[in-house]
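Written below as structure tokens is the structure these notes are about.
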Amino acid sequence: MTAPRPTLALLDGYSLAYRAFFALPEDLRTTTGQVTNAAYGFTSMVIKLLDEHPPEALAAVFDKGRPAERTELLPEYKANRKKSPDEFKSQLPLIDEVLEAMGIPRVDLEGQEADDLIASYAETAKADGWDVLVVTGDRDLFQLVDEGDGEHGAVRVLYTRRGISDTIVMDTAAVEDKYGVPPTSYPMLAALRGDPSDNIPGVPGVGDKTASKLLAAHGTLEGIYDNIEQIRGKKVPAMLLEHRDAVMASRIVTTVNRQLPLPRPVEDFRRGEIDAPAVQRLFATLEFRSLWDRLNETVLGAQAEEAAGGFDNEPHRGDTGEIAAWLGKVPGGQPVAVVPTTAGSLPAVEAVAIALAASGADPITARTEVLGEDDRVAVQRLLSGTDDHPLWVHDGKKLHHFARAAGFDEPTEPMIDTEVWAYVLQPSARTYALDKLALEYLSKHLATEEEVQRAGEESGQLGMFETEQDTAWRARAFEAQALFELAEVLDAEVTQRGQADLIRRIELPLIAGLADLERAGITVDGRVLAELGADLEDKVADARSRALVAVEGDERDLEDFQDLGFLDSPKKLQSLLFEHLGLKKTKKIKTGWSTDAAELRKIVEEHPVIQAILDYREYSKLKGTYIDPLLAMVGADRTRRVHAEFNQTVAVTGRLSSQNPNLQNIPIRTELGRQIRRAFVPGEGYDTLVVADYSQIELRVMAHLSGDEGLLDAFGSGEDIHAATAAKVFGVDVADVDNTQRSKIKGMTYGLAYGLSSFGLAQQLSIGRDEAQELMDAYFERFPGVRSYLYGGVEEARRSGYTETLTGRRRYLPDLMSENRQRRAMAERMALNAPIQGTAADIMKIAMNDVRAAMATADWAGDPAPQLLLQVHDELVCEATTADHDQLRDLLVDTMSGVIELAVPLEVDWASGPSWAEAEKH
DNA sequence: GATTCCACGTA
DNA sequence: CGTACGTGGAATCG
């Protein structure tokens, strides 16, 4: 096998730019009014090329005049081309700038068209052993396509069929398949068939099909005319003869010149690195945001990985006994990085393999099934910490599930968890995958499984790693090595930032607690769900038929809506309500007018279909989002434990999140929705669910952080907080506060912590904007510390670049400096809210750690012992036997209220009962 | 099949 | 023109 040839890609500059110009709308322009559609489309095609067919060399070729011979031979050649519009010409300098920034040479030759120069480059390059890829929207260049042979490279055409993204690579087979002739015959085909875009006349009555047949039968134009008497029919031969001169001239015009002198050698076109900052600046000016993202994720990402070295260790596949031997060689006190591999999902997790890395040794991976007795002892000692090796992990929760599945005891607390560490360092990142972290913090490329496989094959060193599965484990060993090298770097960064305490006191101990929650799950009664589901099915059907009646009763032409598609489609609903029925539009959204419940309620009087839609939405949401998926997990005839995942590294503020299913958004606000909570019950052996929640925790945090004396006083009074606040705002006695006053103040107090505006407050309370503003003014006058805290905090964040919670958890908000008013305002609201929501999250996390510890050491009367099941931001849900009920309740209330000393008391409410719905305070 | 938008459930 | 999430359906993209 010979080495693959390098590829030279040649961009047909005008052809591509022109194609983009007509394919994309002219309203694609910068805020200054410069039209950018051609430059945008051209750049998009270049990025696509670099991503999908990365060439070793690349140049963009342009016309510079037109050879006189062509016009002489065929005066009408390209005569129908309109002078290019100003909107197009003004973009040519932009395209030049793009080429320069991306390091793509631009070539042209005086008095020559790009076609001929491309052909000449292709001819020379293939003779020099290059493969050539011509990128164009011009079919004429199909004539260059060439298979290549031992000496010469191949020539292919990347042709943009339609628009800018529909491309196809044409090789010899593709050309022959499409036109029935070899590529070299294409000019003859074009001469016969004609080409309206170049104003080549062609022979009337001869299209692609006939031209192809004629050439297939007779080989050349000369062949056709020599045998003209053999051609069937009257019209075709007559027309051929009549247009003989034009056909012959067209062939010459269509045939490209492959012999032009080359202005620069091909070697000049070899790709270098893209100057990323220069491209970023240019794209920012041109407002090519999405293109920058695309370039970054594909080409620049690959460029960075290319530049990065890899991990050069030689992993071992551990056979029986080798894990024990490997661990035996790691000196005491030295940390060991552990990467578990599991399969399946809770509760049926399987332990597949374990990978280890440590200082001074090559990493090792072993399948759990080959672990011998010695290995198991060694791994058990490692996981439990008795062998004096600090554990370094990535996603420690997974290690807990692995240990349980493999039959090991519960792992000890890891010393470092790189995923959690990275989350604390950059909470807004989308993922914390090891490869991404390795590139960012170590400038090393972590090979994918495919790359490991390929490297093994190429070096012929597969050896013990012959199978695909072996490749996977080899990749795991590299991950362990990456983790090992990352841990120290991340830990130093965390310490340097002063976040070691946050991480050791809060995040690290939480890992085991979350693993417990996930393993425990919560018992769901499918019979209750099935009953509710049947009921909801009737209600959904009823709402549907009411909607049908409502639109049928309308006089207008509603044929399109008789299928009720609008019930599940906001887009169709907009069309029905605002176009056909002409109802009042209330709130703008990106794609038109909002149809969300709050807006629909404002126009519910205008048409009977609105109420039906609101009902349909409510019922189908409950059934489709909660009942049906849970039923699918549980079964309609039994109870079963459902195991959600609790994510520790998702929410930017420091909260947890829950998924598969999300058990943090089970309905409670409406009576019907609340019924779903009847299906959440104590598990086998347990009698009751015990729920404890923080009362108004975010408000208390705000009072503490702001230190506002009025608010502290209101909390200290022991009165109802909203009534007490209202009394101060309205200057009346607490006893004289009426319900309207209380609810207005309640709405505002909660809204404040979200960055509520007077406009938003007016919306929410259905009051005038003036009244809302007066309310806010009165509030801030009475509680000046709240205002200075909220807005002072935003300014501090603008200076430092981040917000901070009570424990030092940060959130970075670069948009606080944005030039864009909307983005900046959004960032300001985030900055306002993040310390409050985040501090509340910190408090709850500490509570979870403390509760878990207290529950573990408590002396329980009942059996089984109570366990924690859920965390819902300010609430913990446990299950217990009757015997343990009171003790657990007291433990929860005492522990939760005692986690931290704030300037206001942390109040904890509790409730319990035979289901989550029936958990009431006794 | 993957991604985006809208809507909506919770704190 | 109020923060933080996850999920489901439709529409859209490639």
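By convention in this document, chain letters (A, B, ...) are assigned in the order of the sequence lines, proteins followed by strands, and residues within each chain are numbered from 1. Just so you know, these numbers come straight off a predicted model, no measurement behind them.
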Can you tell me if the side-chain N/O atoms of A/R829 get under 4.0 Å from OP1 or OP2 in C/dC1?
no
Interatomic distance, A/I767 CD1 vs C/dC1 P [rounded to whole Å]:
19 Å
For A/R769, report the nucleic acid contact type (base, sugar-phosphate, nothing); a contact means any heavy atom under 4.0 Å.
nothing
Nearest to the side chain of A/R811, heavy atoms from C-beta on, is which of B/dC6, C/dC1, C/dT3?
C/dT3
Base, sugar-phosphate, or nothing: which does A/G624 touch, judged by heavy atoms less than 4.0 Å apart?
sugar-phosphate
OP1 or OP2 of C/dA11 less than 4.0 angstrom from a side-chain nitrogen or oxygen of A/S569, does that happen here?
yes
For the pair A/E698 and A/R655, find out whether any cationic side-chain nitrogen is under 4.0 Å from an anionic carboxylate oxygen.
yes
A/T595 side-chain proximity, nearest of C/dG2, B/dA7, C/dC5:
B/dA7
Ignoring backbone atoms, test whether A/R669 places a side-chain nitrogen or oxygen under 4.0 Å from the OP1 or OP2 oxygen of B/dA11.
yes
With hydrogens left out and only the distance checked, is there a donor-acceptor pair under 3.5 Å joining A/K621's side chain and the base of B/dC8?
yes
Using a strict cut-off of less than 4.0 Å between a Lys/Arg side-chain nitrogen and an Asp/Glu carboxylate oxygen, indicate whether A/R787 and A/D708 qualify as a salt bridge.
no
Under 4.0 Å, heavy atoms only, any strand: does A/M748 hit a base, just the sugar-phosphate, or nothing?
nothing
Any side-chain N or O of A/N665 less than 4.0 Å from the OP1 or OP2 oxygen of C/dA4?
no
Side-chain H-bond candidate by donor/acceptor type, A/D568 with A/Y616, under 3.5 Å
yes
Is there a side-chain polar atom (N or O) of A/T591 under 4.0 Å from OP1 or OP2 of B/dC6?
yes
Would you indicate which nucleotide in C/dA4, C/dG8, B/dT10 comes nearest to any side-chain atom of A/N833?
C/dA4
Heavy-atom distance under 4.5 Å between the side chains of A/M896 and A/W910, does that happen here?
no
Would you classify A/I668 as touching base, sugar-phosphate or nothing, given that sugar-phosphate means primed atoms plus P, OP1 and OP2, and contacts are heavy atoms under 4.0 Å?
sugar-phosphate
A/N662 side chain N/O closer than 4.0 Å to the phosphate oxygens (OP1, OP2) of C/dG8?
no
With a 4.0 Å limit, can you tell me whether A/R655 has a side-chain N or O closer than that to the phosphate oxygens OP1/OP2 of C/dC5?
no
Using a heavy-atom cut-off of 4.0 Å across all strands, would you classify A/A597 as base, sugar-phosphate, or nothing?
sugar-phosphate
Is the phosphate of C/dG2, meaning OP1 or OP2, less than 4.0 Å from a side-chain N or O of A/S757?
yes
How would you label the contact of A/L622 with the nucleic acid (heavy atoms, under 4.0 Å): base, sugar-phosphate, or nothing?
nothing
Could you tell me how far apart A/Q764 (CD) and C/dT3 (C1') are, to the nearest whole angstrom?
13 Å
If you compare every side-chain N and O of A/K572 against the phosphate oxygens of C/dA11 (OP1, OP2), does one of them come in below 4.0 Å?
yes
Once you round it to whole Å, what is the distance between P of B/dA7 and OH of A/Y616?
15 Å
Under 4.0 Å: is that the gap between some side-chain N or O of A/K571 and OP1 or OP2 of C/dT12?
yes
Can a side chain N or O of A/T625 be found less than 4.0 Å away from OP1 or OP2 on C/dT7?
no
How many whole angstroms separate atom CZ of A/R700 from atom C1' of B/dA11?
16 Å
What nucleic acid atoms does A/Q837 come within less than 4.0 Å of, heavy atoms only: base, sugar-phosphate, or nothing?
base
Given the P atoms of B/dC5 and C/dC1, what is the spacing between them in whole Å?
16 Å
Note: A/R678-A/D525 ion pair, threshold 4.0 Å (strictly below)
no
Contact check, side chains of A/H722 and A/M748, non-hydrogen atoms, under 4.5 Å
no
